Number of protein chains: 2
Amino acid sequence: MPAAKTAAPSPPDADSCKAFGNILDRVGDKWTVMVIGGLADGPMRFNALQRLITGVSHRMLTLTLRGLERDGLVKRTPFATVPPRVDYELTPLGHSLRPALEQLAAWVGTHRAAVEEARRAFDRQ
Amino acid sequence: MPAAKTAAPSPPDADSCKAFGNILDRVGDKWTVMVIGGLADGPMRFNALQRLITGVSHRMLTLTLRGLERDGLVKRTPFATVPPRVDYELTPLGHSLRPALEQLAAWVGTHRAAVEEARRAFDRQ
DNA sequence: CAGGATCCATTGGGATACTG
DNA sequence: CAGTATCCCAATGGATCCTG
């Protein structure tokens, strides 16, 4: 997704398009959505998240959380105990994203069957 | 986030989680979002779309449109003219997805600066 | 013009092992 | 427990050439 170096053509959105895709790549990422969903109701520890999110690997969860932290959507709080413990929670910015994601989730819930049916129909021929 | 509601580790979401991620992978994909945005106001031809969506390659646009067609979100209409012409347009199902995507787009518009600032702050240390 | 098909570099992401 | 590092294969996606 390293966006194009396309010479700047005229359209006014050439560059907002890039910025847009940039943010969207983070925000629309599968694990990102899952993590934000998981943190919706409050802080969670790393392992709790991993157990909650079926199928995420240790590595991917780490990377996803790093990305979210970098983007200011998630706050990381390490405790100096032993064994170590780290809590993750949504920042206000992270919370502000929830309605949009929930609407998306609702759409999937409502139309998932239709999509799956369309796929079957399409594949049948 | 299968159940996105409660952090309660309810067991039975292993598989809805997968289905969910499945649809989300299509729907949250960068080019998919762009294409739906491009088709929001009516049918468009292949090349028009490619010109509109900065940075998409011929191949990726083809694949994205195929995927959307398969999922029943986009309707493909070939004309038997020469040179050939193909129109793409959103189906009702495709249109039903717009509000959700527009809300996401609105979020990006509103918070893009904040995210970029967060990134700079994070990278600075 | 639309869209296969092929080639190929790059990346993503799982598995595993190690550290504080 | 949380996080890092390494290995390594599979998928991704751009470039290019070919067809109706």
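Proteins come first, then strands; the chains are lettered A, B, ... in the order of their sequence lines, and each starts at number 1. Being a predicted model, the structure only gives us computed values, none of them experimental.
No side-chain donor-acceptor contact under 3.5 Å links A:Thr91 to the backbone of A:Lys75. A donor-acceptor contact shorter than 3.5 Å links the side chain of A:Arg98 to the backbone of A:Ala40. A donor-acceptor pair is defined here as one N or O able to donate and one able to accept, closer than 3.5 Å; such a pair exists between the side chain of A:His111 and the backbone of A:Trp107. In this structure, the side chain of A:Thr64 does not engage the main chain of A:Trp31 through any donor-acceptor pair within 3.5 Å.
Nucleotide C:dG12 holds its P atom 15 Å from the NZ atom of A:Lys30, rounded to whole Å. Summarising the geometry, the separation between CH2 on A:Trp31 and P on C:dG13 is reported as 9 Å, rounded to the nearest angstrom. For B:Leu49 and C:dA2, the CG to P distance is 9 Å, given to the nearest whole Å. Rounded to an integer number of Å, the gap from CG of A:Asp29 to P of D:dT12 is 14 Å. Following rounding to the nearest Å, A:Arg85 (CZ) and D:dG3 (C1') show an atom-to-atom distance of 17 Å. Between the CG atom of B:Asp87 and the P atom of C:dA2 there is a distance of 9 Å, rounded to whole Å. Computed from coordinates, the A:Asn47 CG to D:dC1 P distance equals 5 Å when rounded to whole Å. Between the C1' atom of C:dG13 and the CD1 atom of A:Ile53 lies a distance of 16 Å, rounded to the nearest Å.
Interface residues of residues 59-70 of chain B facing DNA chain D, ordered by number: B:Arg59, B:Met60; criterion, heavy-atom separation under 4.0 Å.
Within the 4.5 Å cutoff, no side-chain heavy atoms of B:Leu73 are placed close to those of B:Thr32. Looking at heavy atoms from C-beta onward, A:Val86 lies out of side-chain contact with A:Phe46 at the 4.5 angstrom threshold.
Along DNA chain C, the nucleotide closest to B:Phe46 and the one closest to A:Ser57 are compared, and the more 5′ of them pairs with B:Phe46.
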In sequence, state the C-alpha distance, the side-chain angles, and the governing distance for A:Arg66 and A:Glu69, and then conclude on salt bridge (charged side-chain N to carboxylate O under 4.0 Å, His left out).
CA-CA 5 Å; A:Arg66 276 292 156 282; A:Glu69 190 193 355; 3.6 Å; yes

Are B:Leu90 and B:Leu97 close enough, and set up right, to give a side-chain contact (heavy atoms from CB on, under 4.5 Å), and what steps lead you there?
CA-CA 10 Å; B:Leu90 293 184; B:Leu97 183 54; over 6 Å; no

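Within the helix from C:dC1-D:dG20 to C:dG20-D:dC1, the inter-axis angle between the opening and closing five-pair segments is 40°, rounded to 10°.
Ion pairing between A:Arg120 and A:Glu117 holds under the 4.0 Å rule for side-chain N and carboxylate O.
A:Arg76 has a side-chain polar atom (N or O) that falls below the 4.0 Å cut-off from OP1 or OP2 of D:dG3.
Comparing atom distances between the A:Pro84 side chain and each of D:dC1, D:dG3, C:dG3 picks out D:dC1 as nearest.
A donor and an acceptor atom sit less than 3.5 Å apart, one in the side chain of B:His58 and one in the base of C:dG3.
Among the heavy atoms of the strands lying under 4.0 Å from B:Tyr88 are primed sugar atoms or P, OP1, OP2 only; no base atom is included.
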